[in-house]
Amino acid sequence: MTFTIETPAGILQLDEKGGFSGFTGYDEDEAVEGILGRWAADASLSVEAARFFVKGLRRLLEEAGIDLKAYVEIRRRVAFKVAERLLQSMPGADEPIIQAVAILETASQTIGLLVSRLISMCAAYGRAIEAGNGKADVAELLEAAASIPSPFVHGLTAQIGEMMEYRASVESELEELMKARAPNVAGVLGPLLGAKLISSARGLEQLARMPASRIQVLGADRAMFRHLRERGAPPKHGLIFQHPAISRSPWWQRGKIARSLAAKTAIAARLDAYSGEDRSEELKEAFLRRYEAVKKTCQEEPARMRIIRTQKRKGRTRRRRG
Amino acid sequence: MKEIYPGVYLTEGDRLATVNLAPGRRVYGERLIADGERELREWNPARSKLSAALLKGLKTLPIERKSSVLYLGAATGTTASHVSDIAAEGRVFSVESSVTPMSKLIEVCRDRENMIPILADANRPEVYAPLLEEVDVIYQDIAQRNQAEILLKNSDLYLKEGGHILLAVKSKSIDSTRKAGSVISDEVAKLKDLFRILEVVDLEPYEKDHAMIVAVKAP
Ligand SMILES: C[S@@+](CC[C@H](N)C(=O)[O-])C[C@H]1O[C@@H](n2cnc3c(N)ncnc32)[C@H](O)[C@@H]1O
């Protein structure tokens with residue numbers, strides 16, 4: 001049994017008793033590759049090889065003709081590069097949440113696409129079927145389509161049904177992930193919307209570092225790009241406006257409610273990122289109190305101010321094509 | 001300014017401080033104090049268990065100017081940076097397994113020529129052998145159930161005969177149902193085969209349910 005050890009300065013060969021038997025020098029980049037190749041626990045040096053290397057280091061370096069001082073400097077530089085490479089390659093703690101949010105988005109788009117195909121297909125068979133986007137609507141559509149005797153239609157309905165089941169299973173998995181990783185954010189926003197915010201911030205820590213004002217518009221930038229590309233209505237609001245307390249409130253109450261929800265989300269994210277203490281109930285209650293207060297004090301619709309800006313916007317969108 | 005341990009000073013306000021190896025730079029918002037040619041960094045006992053242990057009267061600080069130290073659980077380098085101040089002409093191999101603190105730790109290490117960042121799990125010490133050497137001291141502060149086992153494995157590979165260990169034990173993380181005192185003595189018992197225990201210091205009031213154990217590797 002002999003040993004091969006990728007050191008910061010070169011490849012060291014040891015005999016079965018740990019004695020020096022050979023050395024091939026290499027440059028620092030090769031050293032980084034060599035050491036990283038052994039970093040996985042199942043590829044690492046044996047404890048025995050590690051012991052021979054560490055206990056015999058000075059003698060081995062001498063026999064390999066390497067100056068100790070130079071070795072120490074090379075080793076430090078290599079250590080930095082190894083740590084940086086590992087950092088890049090390791091998934092962040094929130095990667096599962098971010099990926100699950102992406103899967104949900106893809107699944108919803110796929111379902112939407114298949115549903116519109118199904119509607120056209122039904123129309124081709126002389127059956128006009130109206131359908132919205134909600135889950136109940138789709139279920140109704142599938143039911144209606146089932147009576148059409150066409151293999152095309154049946155294939156489509158089966159695919160849609162399967163995709164919806166898959167989406168539901170990802171959703172419940174994501175809820176579990178959120179309860180474990182970010183119970184406060186999940187409590188304040190609901191697990192799915194909370195996950196979207198974490199994903200949009202590229203991680204819980206990043207979300208925790210944002211001020212409430214930034215959280216309030218988080219996600220609006222993506223909608224903005226879509227708007228510029230597809231010339232839809234310009235987005236006014238961030239993801240947080242998907243929360244039912246905001247989306248179901250009249251327009252003049254939304255800003256106040258959103259501010260409060262963003263502020264609670266900021267606190268929740270900091271708790272989840274830095275302390276882990278679950279204070280979601282308390283935060284939710286504080287938000288609800290504010291919500292009720294806004295509902296009570298702002299019942300009247302204020303006189304609406306219209307800003308005419310259609311022309312200006314037209315000019316801008318035309319210049320930027322996707 | 002009185003030097004009360006090698007490289008550790010007591011300021012006018014009865015606080016601890018070390019000589020800043022990276023003058024002008026802070027690691028965790030600590031106060032910097034000009035002292036003639038050099039700059040001292042205040043060492044906050046509420047943030048660092050080693051500072052707390054010294055203020056609680058730890059007799060032996062086995063880290064010296066030329067010490068080579070293996071630091072397990074370096075996190076963002078709060079305590080490790082003070083260890084690096086003390087071992088100014090030595091080395092501090094700083095092992096941390098979590099990605100998030102590691103990015104900060106790398107920056108702290110960059111400013112300090114004696115610090116070497118290592119992103120690895122201390123449960124598998126053989127993995128980082130290519131970046132290591134035998135050390136005079138192992139400092140360990142990782143709140144894990146098997147912390148004694150981790151320390152034994154690392155000492156076996158890396159600690160010189162006669163070298164010292166400093167082990168911060170968070171008694172609660174081992175078994176929350178038992179009294180701190182009994183858990184600490186369990187930890188001490190696990191170390192007895194390889195080490196001679198020199199001191200156990202309770203870190204109250206700076207840290208609740210924590211203690212610092214100092215021992216020497218002796219056959
Ligand atoms: C209490 S903190 C250390 C604080 C630090 N010693 C200080 O005073 O500045 C514990 C650290 O140990 C790390 N840790 C936990 N298990 C570990 C392991 N198996 N290997 C390396 N580090 C570990 C954690 O990621 C965490 O950053």
Sidechain-backbone polar pair: [X] side chain, [Y] backbone, donor-acceptor under 3.5 Å:
X     : Y      : answer
A:K55 : B:L157 : yes
A:W39 : B:Y128 : no
A:R76 : B:M115 : yes

So for [X], is it side chain, backbone, both, or neither that comes closer than 4.5 Å to the heavy atoms of chain B?
X     : value
A:F52 : neither
A:E84 : both
A:E6  : backbone
A:I35 : side chain
A:L87 : both

Largest heavy-atom contact set with chain A, pairs under 4.5 Å, which of [options]:
options                : answer
B:M102, B:K153, B:R110 : B:R110
B:S98, B:S103, B:C109  : B:C109
B:L132, B:V127, B:I116 : B:V127

Do other residues, nucleotides or ligands put more than 12 heavy atoms under 6.0 Å from [X] [atom1]?
X      : atom1 : result
B:E113 : CD    : no
A:E62  : CD    : no
B:E161 : CD    : yes
A:R214 : CZ    : no
B:R196 : CZ    : no
B:R25  : CZ    : no

In Å and rounded to the nearest 0.5 Å, what is the CD to OG distance from B:E126 to A:S46? 8.0 Å
Return the CD to CG distance between B:E133 and A:L68, rounded to the nearest 0.5 Å. 8.0 Å
Given heavy-atom pairs under 4.5 angstrom as the criterion, report whether the side chain, backbone, both or neither of [X] touches chain A.
X      : answer
B:D156 : both
B:I118 : side chain
B:T100 : side chain

Determine the minimum heavy-atom distance between A:V54 and B:A129, stating which atoms define it. CG2-CB, 4.2 Å
Presence of salt bridge, A:E73 and B:R91, under 4.0 angstrom: no
Residue among A:V78, A:L57, A:V47 with most heavy-atom pairs under 4.5 Å to chain B: A:V47
Are the side chains of B:P130 and A:R38 in contact, using a 4.5 Å heavy-atom criterion? no
